[in-house]
Number of protein chains: 2
Amino acid sequence: MELYIEQFKALGDKTRLAIIWLLNSVPGNLCVCEITDAIGESHCNVSRHLKILKGAKLVKEKKEGRWVYFDLAKPQDQVQSYILQALATIPADAFLEMTTRLKMRLSLRDGNRCVDGVKSDNWRRVVNKINDKNDINEDTSSECRKDK
Amino acid sequence: MELYIEQFKALGDKTRLAIIWLLNSVPGNLCVCEITDAIGESHCNVSRHLKILKGAKLVKEKKEGRWVYFDLAKPQDQVQSYILQALATIPADAFLEMTTRLKMRLSLRDGNRCVDGVKSDNWRRVVNKINDKNDINEDTSSECRKDK
DNA sequence: TTCATATATTCACAATTGTGCATACAATAT
DNA sequence: ATATTGTATGCACAATTGTGAATATATGAA
């Protein structure tokens, strides 16, 4: 009972719904920095929201060296299955820009593994190229770190 | 997009999830005082939660004289349908006591219409009878009104 | 080993939002 | 009029959110 409430509460947030949507839109898993760049939030916020989603048993994590990959958790009962189906039914155009950014971000992978940190030079290069063409708003998310 | 967030947020609350569950568990509609007595909250809180649920387009209301009846709103898209299916799949024993109280409350109806206000004498009588038998916790919800 | 660097998490703070309670208010029926 | 059903508002308090700094953990180089 409390779990259902926790799950609905977890999904009732813009950032967290976006995270779930991203994880739902790709077959494999995503690391924190990829999610961060795709969404355009500060990575400490993304980290905290991921923790909330993990507490609600909606995602599971897997650590590989410095990188932490997240994926959707397998639904534990019928209720959660329907919730996931509901999420999968949300029209894609609601997250269009974010999905585009994720595709660009994943193109930076090497051997299906993330090799670029948050806001890496490679990422900046790719984003700038698109900005010149399409005049997309530039990234204004905070750095969440004093250096650099 | 914002609607989905609003809906999930609306469902991420104990009282509101209970309200939706009640509406889902009976074929017809329920008036505010019936919901209030079944849940055991103050009726002004129930009223406000109902307003939130109405804002999220999860319930619809129908006024009949002094009484206001609420019912589940017809799902507007596939996403909402799956959400309702998820809610309908929540095991009943999670709300057992509340469902029992609702059945007792509905037994006070006359001609399928509510004729007893919040915490009426009839309701008190029925509850007391059960309390003597099963030693259920007595109702401790606030009155939400200075008179009476 | 030791140090620097990189990924990710956690902590502290302020701003915002949500909640329950009490009260006042509006609408309706008798 | 007067009682009753339900709503709206103000208040105090708790919960949530985003941000920056600090910390933890892992990698690699000197």
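Just the heavy atoms: all of them, side chains too, but no hydrogens, waters or symmetry mates, feed the values below. Letters go in sequence order (proteins before strands), and every chain restarts at 1.
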Examine B/R113 relative to B/Y69 and say whether NZ or CZ is less than 6.0 Å from the centre of the six-membered ring and inside a 45° cone about the ring axis. yes

Side chain of B/K9 - closest among C/dC21, C/dG18, C/dT19: C/dG18

Atom-to-atom span, CZ of B/R113 to P of D/dT5 - whole angstrom: 16 Å

Respond yes when some side-chain nitrogen or oxygen of B/N45 is under 4.0 Å from OP1 or OP2 of C/dC21, and no when none is. yes

B/D37 side chain vs B/V118 backbone, donor-acceptor pair below 3.5 Å: no

Per A/C31 side chain, nearest of listed nucleotides D/dT17, C/dA8, C/dC21: C/dA8

Check whether the side chains of A/R125 and A/N128 place a donor and an acceptor atom closer than 3.5 Å, and report yes or no. no

Rounding to a whole Å, what distance do you find between A/E41:CD and C/dT9:C1'? 16 Å

B/K119 NZ to D/dT4 P: how many Å, rounded? 16 Å

In terms of side-chain heavy atoms of A/R66, which of C/dA6, C/dA27, C/dG20 is nearest? C/dA6

Pick the nucleotide of DNA chain C nearest each of A/C33 and B/G12; which residue has the one closer to the 5' end? A/C33

Starting from P on D/dA15, measure out to CD1 on A/I5 and report it in whole angstrom. 15 Å

When you check the phosphate oxygens OP1 and OP2 of C/dT19, does a side-chain N or O of B/R16 lie under 4.0 Å from one of them? yes

A/H49 has a side chain; which of C/dT19, D/dG18, C/dT5 sits nearest to it? D/dG18

Nearest-Å distance, CD1 (A/I39) to P (D/dG18)? 11 Å

Can you give one letter per nucleotide of nucleotides 7-14 of chain D, going 5' to 3': B for a protein heavy atom under 4.0 Å from the base, S for sugar-phosphate only, - for none? BB------

Report the distance from atom CH2 of A/W67 to atom P of C/dA8, rounded to the nearest whole Å. 7 Å

Partners of B/R109 by side-chain hydrogen bond (donor to acceptor under 3.5 Å, both in side chains), sequence neighbours excluded? B/E34, B/N112

Specify the separation, in whole Å, of atom CG of A/D13 and atom C1' of D/dT16. 9 Å

Return the value, rounded to whole Å, for the distance between atom CZ of B/F8 and atom C1' of D/dT16. 19 Å

Quick check on C/dT7: is either OP1 or OP2 less than 4.0 Å from any side-chain nitrogen or oxygen of A/T36? no

